[in-house]
Undergrad: 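Let me give you the structure first, and then I'll get to my questions.
Both ligands and their constituent atoms are indexed starting at 1 by order of listing. Worth saying up front: this structure is predicted, and the values here are computed from it rather than measured. All values below were derived from every heavy atom in this structure, side-chain atoms included, with hydrogens, water molecules and symmetry-related copies excluded.
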Amino acid sequence: MPRKADPAGIAEQVLASPKYRHLDEALVRRMAAEAAGRFRDHNEAVKYAKRKLHQAFGAFLTGEPASAVRGCVDAIRGGADPREACRTAMRAHASTAERISWLDPFYAKVSAWCAPVSSVVDLACGLNPLALPWLGLPPDATYWCCDIDRELVAALGRLGEVFPVQVRAQACDLLTAPAVPAAELALVLKTLTTLEQQRGGAAGAVLAALDAPHVVLSLPRRSLGARRSYVDDPEALVSRAVSATRYRVADRAEFGDELLCHLVRDG
Ligand SMILES: C[S@@+](CC[C@H](N)C(=O)[O-])C[C@H]1O[C@@H](n2cnc3c(N)ncnc32)[C@H](O)[C@@H]1O
């Protein structure tokens with residue numbers, strides 16, 4: 001008889017796989033519950049949960065992000081040029097790697113919009129904390145970042161050893177009410193699409209919960225042919241997400257295939 005799908009059994013099997021064993025358990029359990037709600041058969045439900053995890057996480061891996069960060073920290077401690085070491089490590093995460101060619105103008109624009117800031121939160125950060133040398137934060141600034149890969153966030157926490165900034169990295173599922181600290185700047189880079197794919201309305205809910213006077217968000221620009229719904233249309237996704245908040249889009253910029261928006265709060 002086929003095994004009946006139950007959330008605990010699905011989560012256990014997913015967490016046993018080498019690719020997903022480092023993932024935040026709350027996220028895996030949420031996806032397992034969704035899978036059990038859709039499929040009665042255990043194997044079908046596991047397949048669905050893994051497909052959703054690939055879309056949210058696995059699709060962005062181009063190497064081993066955690067070991068890339070550890071290697072970067074060790075290289076800088078050993079005297080390597082920090083920007084060079086960070087650029088090299090960024091290649092282990094596809095989304096962050098895509099930004100390497102326009103890191104200078106990208107962060108010059110972020111500074112022109114928001115500086116000076118001494119506290120930053122970076123949501124669903126991937127390897128973007130490796131851009132710390134481009135952010136130009138003052139000594140003792142705070143940088144809080146989160147993602148769903150526990151091994152990665154443990155490695156990112158070590159960036160404070162080589163940069164004069166207090167770095168705090170946390171594993172969290174942004175869809176389950178995480179405690180994102182207040183900050184002067186929130187970075188939400190190439191993240192709205194994946195949040196919205198996990199739950200309609202999640203992008204707006206995450207933005208609405210932010211306590212930051214400046215938000216910089218970015219989205220990959222897509223060709224018209226690749227747009228199947230508002231989730232694939234960057235402008236539509238931004239206006240829908242922002243309409244659920246007290247923010248408004250103050251300015252926009254484009255670098256390569258990345259659309260950048262500066263959000264500010266009214267009043
Ligand atoms: C497209 S990547 C962007 C990475 C980074 N912000 C950048 O632009 O360089 C999306 C990131 O969202 C993370 N992620 C996906 N679902 C998440 C969730 N529910 N909570 C927190 N992070 C999530 C993934 O692990 C991945 O690193």
Undergrad: Determine all donor-acceptor pairs shorter than 3.5 Å in which one atom belongs to a side chain in residues 127-134; sequence neighbours excluded.
TA:
residue : atom : partner : partner atom : Å
N128    : OD1  : R99     : NH1          : 3.3
N128    : OD1  : Y107    : OH           : 2.8
N128    : ND2  : Y107    : OH           : 3.1
N128    : ND2  : D122    : OD2          : 2.9
W134    : NE1  : D104    : OD1          : 2.9

Undergrad: Any donor-acceptor pair under 3.5 Å linking the side-chain atoms of T194 with those of Q198?
TA: yes
Undergrad: What distance do L217 atom CG and H262 atom NE2 have between them, rounded to the nearest 0.5 Å?
TA: 10.0 Å
Undergrad: Excluding sequence neighbours, so at least two apart, what forms side chain to side chain donor-acceptor pair (under 3.5 Å) with Y48?
TA: R38
Undergrad: Clusters formed by hydrophobic residues whose side-chain heavy atoms approach within less than 4.5 Å: which one holds V153, and what are its other members?
TA: none
Undergrad: Could you name the protein residues that come within less than 4.0 Å of ligand 1, counting only heavy atoms, and order them by chain and residue number?
TA: L27, R30, A56, F57, F60, H93, S95, T96, R99, A124, C125, G126, N128, D147, I148, C172, D173, L174, L189, K190, T191, T194, Q198
Undergrad: Between E151 and R70, does at least one N-O distance fall below 4.0 Å, as a salt bridge requires?
TA: yes
